[in-house]
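Chain identifiers are assigned alphabetically (A, B, ...) following the order of the sequence lines, protein sequences preceding nucleic acid strands; residue numbering begins at 1 within each chain.
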There are 2 protein chains.
Amino acid sequence: MDQTTARSTSVTVADVAHKAGVSKATAARVLGGYGTVSDRVRAAVVAAARELDYRPNELARSMTTGRSGTIGVVVGDIENPFFSLAVRGITDVARQAGFTVILINSGEDLVAERAAIRTLLAKRVDGLIVSPAKETDVEHLHEAVRSGLPLALLDRGSDTLDVDTVIADDRHAAENITRRLITLGHSRIAYLTACDTPSHRFRTVRDIGTGSVRRRIEGFLAVCREAGLTGMEDWVHVGAVSSEHTHRIVTEMLQSAQRPTAVIASDSIIGLEVFKVHRQLGLSIPDDLSLVSFHDADWTSVTTPPVTVVRQPVYDLGATAAKLLVERLNGEAGPARKVILKTEILERASMREVF
Amino acid sequence: MDQTTARSTSVTVADVAHKAGVSKATAARVLGGYGTVSDRVRAAVVAAARELDYRPNELARSMTTGRSGTIGVVVGDIENPFFSLAVRGITDVARQAGFTVILINSGEDLVAERAAIRTLLAKRVDGLIVSPAKETDVEHLHEAVRSGLPLALLDRGSDTLDVDTVIADDRHAAENITRRLITLGHSRIAYLTACDTPSHRFRTVRDIGTGSVRRRIEGFLAVCREAGLTGMEDWVHVGAVSSEHTHRIVTEMLQSAQRPTAVIASDSIIGLEVFKVHRQLGLSIPDDLSLVSFHDADWTSVTTPPVTVVRQPVYDLGATAAKLLVERLNGEAGPARKVILKTEILERASMREVF
DNA sequence: TTTCTTGTTGAGACCGGTCTCAATTGGAAA
DNA sequence: TTTCCAATTGAGACCGGTCTCAACAAGAAA
């Protein structure tokens with residue numbers, strides 16, 4: 001247990017081989033755990049390695065094997081509880097399978113997302129899990145796929161991208177919750193999303209790049225139409241990208257003459273902001289306003305009243321995406337698999353009948 | 001713009017060089033952005049690279065340069081809002097400085113943490129940001145430092161580890177909040193933490209491995225002692241590691257004959273559980289129980305009543321750790337820097353005088 | 001004893017970059 | 001015109017592993 005001086009140049013297989021009195025190839029066999037080596041020699045190499053405190057250089061290993069043992073993950077924002085939970089699912093499965101995770105958040109920005117993919121490609125990740133900011137703009141992902149990199153899509157799909165995809169049944173969830181609100185007598189129902197459009201106003205679902213959100217809005221509008229509610233496009237608010245933006249949008253909305261009697265928040269961050277603003281304005285949930293939020297965030301169950309949510313299996317979303325990807329990395333062939341995980345409405349006390 | 005067939009073997013500098021009619025060395029100079037090359041040749045190489053869709057192999061580059069352009073981050077649990085926010089701070093700064101982040105969560109488990117460090121060392125990360133599970137057990141970190149790897153400690157320090165450290169003034173915060181509770185007349189004050197001890201009971205602060213938590217408990221006990229409250233060690237509850245554990249501990253605690261009149265939750269996850277349980281048991285905050293939680297989690301401001309918290313600059317904690325590390329990676333020498341970020345008590349309505 | 005396996009080992013190429021060093025070239029200085 | 005210097009380029013070693021292939025030894029089969 002002598003104190004080894006901090007040497008900048010690390011111990012290599014060649015060093016170990018020399019010390020053990022065997023060839024580099026043999027030492028490499030022992031250290032790399034491949035090929036066949038006699039017990040005697042193995043012991044000698046292991047001893048030498050321990051004595052020199054040998055540490056394998058994964059980089060060099062990756063160089064020849066072509067596998068880096070890492071998967072690249074690109075999400076919108078790790079700070080968002082939705083993504084942090086999904087990433088937890090991903091990392092758990094990845095680790096189990098012997099992979100490490102390089103995490104990059106795109107901030108839902110296409111340029112950043114492209115840069116992220118380029119970086120990950122350069123780093124030679126073995127596979128990619130991406131939550132594309134815009135389903136319609138996935139040329140960079142096509143490129144990755146073309147270069148032979150397995151890709152799994154998380155929470156958002158793409159029609160043009162024929163790869164493993166794990167999403168929630170967003171449209172269905174939106175339909176259900178909208179139907180429920182309409183049953184309760186609501187007709188002035190607002191839908192709030194962080195997704196933005198060029199004009200910062202909602203015109204058509206085609207402007208919504210984020211797939212999960214587009215499907216939700218489609219479901220929302222479809223059910224409204226079905227129920228005879230027209231012009232509901234005007235009730236869709238986009239661009240709730242930051243706390244400040246959301247605060248302004250919600251405040252304006254709730255103070256307008258024609259204020260909604262119900263709000264559907266597309267994620268828990270927006271939902272939280274709605275909750276805060278309704279208090280500030282002295283409104284009452286559910287008396288003055290019914291609220292439902294996507295994502296069963298922790299806060300939704302402890303407010304007064306607790307908030308009705310669309311529970312998504314977020315951890316599983318991530319874990320499943322990772323599972324599918326790992327299977328590909330282990331050679332699984334076959335057509336792309338689309339997994340749609342079920343959501344569930346947890347009806348709490350934030351919705352009420354309107355007369 | 002012809003469709004390139006997905007070739008498994010990627011385009012290398014040699015390929016580009018060949019196509020451009022120059023030597024490998026020259027092509028490498030252009031592609032790698034080093035050395036000096038004539039404009040004419042540069043243009044030719046760039047054109048060839050574009051035509052072949054050349055993508056640099058960072059692995060190979062790292063091989064020779066010895067820099068991988070990645071930093072390894074080991075945190076307890078990315079799902080915990082505290083860490084996800086800190087990681088956001090880290091990734092923002094890292095990206096700005098041109099580094100990517102490999103994320104591993106230890107689950108606050110020492111064995112997992114050791115494995116994580118080993119993995120990251122093998123992957124030849126350029127630097128390390130770690131939130132050590134146990135301050136007393138950092139031999140693996142010593143090893144990393146010994147091998148010349150810059151290390152920054154996040155949220156938890158270590159006396160034996162002389163490296164850049166960014167923590168919050170936990171002790172001070174705990175002292176303040178304890179003092180405040182005592183001023184309000186509380187004497188039965190419970191402290192709840194996820195940290196566990198071998199016996200699952202609290203005896204001495206020396207059993208608490210997590211530095212930030214130990215400092216808080218020290219502050220808590222010191223102020224209690226100062227105020228003449230003795231035997232407060234019995235009011236420290238450890239092992240609130242999971243939702244289930246916490247639920248059981250809190251339920252038992254709040255149902256005991258000698259139930260506390262105030263609870264200090266060491267993180268927002270525990271705080272949330274306390275809040276849930278108090279409701280289930282039909283107690284009232286703040287009438288029957290005062291509650292204060294570390295970490296200004298989003299939910300704390302929307303409950304009824306809103307919960308008093310110790311606000312920590314979590315994003316900055318991560319960002320600063322990353323900043324210090326990046327400085328080291330850029331050659332900054334000099335002694336280890338210990339940064340202590342200020343906390344702040346946000347007093348809301350969950351505490352009340354007891355008579 | 002001879003031949004054939006089978007197991008074990010070593011030599012050296014290779015992965016895709018970087019980097020050193022020597023050679024070549026062209027223009028400025030003498 | 002000759003000499004010198006700086007700019008540009010190419011050849012090839014190197015990073016630290018993996019992996020192919022050939023050599024060799026020992027035991028089994030003939």
Closest to side chain of A:Ser10, choosing from D:dG16, D:dG17, C:dG17: D:dG16

Listed nucleotide nearest any side-chain atom of B:Thr65, set D:dG16, C:dC19, C:dG16: C:dC19

Scan nucleotides 5-10 of chain C nucleotide by nucleotide, 5' to 3', and note B when protein non-hydrogen atoms come under 4.0 Å of the base, S if they reach only the sugar-phosphate, - if neither. ---SBB

When the distance from [atom1] of [X] to [atom2] of [N] is rounded to whole Å, what number comes out?
X: A:Leu31; N: D:dC19; atom1: CG; atom2: P; answer: 14 Å
X: B:Arg61; N: C:dG16; atom1: CZ; atom2: P; answer: 14 Å
X: A:Leu121; N: C:dG17; atom1: CG; atom2: P; answer: 13 Å
X: A:Leu52; N: D:dG16; atom1: CG; atom2: P; answer: 14 Å
X: A:Lys123; N: C:dC15; atom1: NZ; atom2: P; answer: 22 Å
X: A:Leu59; N: D:dT18; atom1: CG; atom2: C1'; answer: 14 Å
X: B:Met63; N: C:dC14; atom1: CE; atom2: C1'; answer: 13 Å

Indicate yes or no: at least one non-hydrogen side-chain atom of A:Ile102 is less than 4.5 angstrom from one of A:Lys123. yes

Is the shortest side-chain heavy-atom distance between B:Leu110 and B:His140 below 4.5 Å? yes

Counting only heavy atoms not in A:His18, do more than 12 sit closer than 6.0 Å to its NE2 atom? no

For the CD atom on A:Glu139, are there more than 12 heavy atoms of other groups (residues, nucleotides or ligands in this structure) within a distance under 6.0 Å? yes

Can you find a side chain N or O atom of A:Tyr34 that sits less than 4.0 Å from OP1 or OP2 on D:dT18? yes

Would you call B:Glu108 and B:Arg156 a salt bridge, using N to O less than 4.0 angstrom? yes

Under a 4.0 Å N-O cut-off, is there an ion pair linking B:Arg88 with B:Asp92? yes

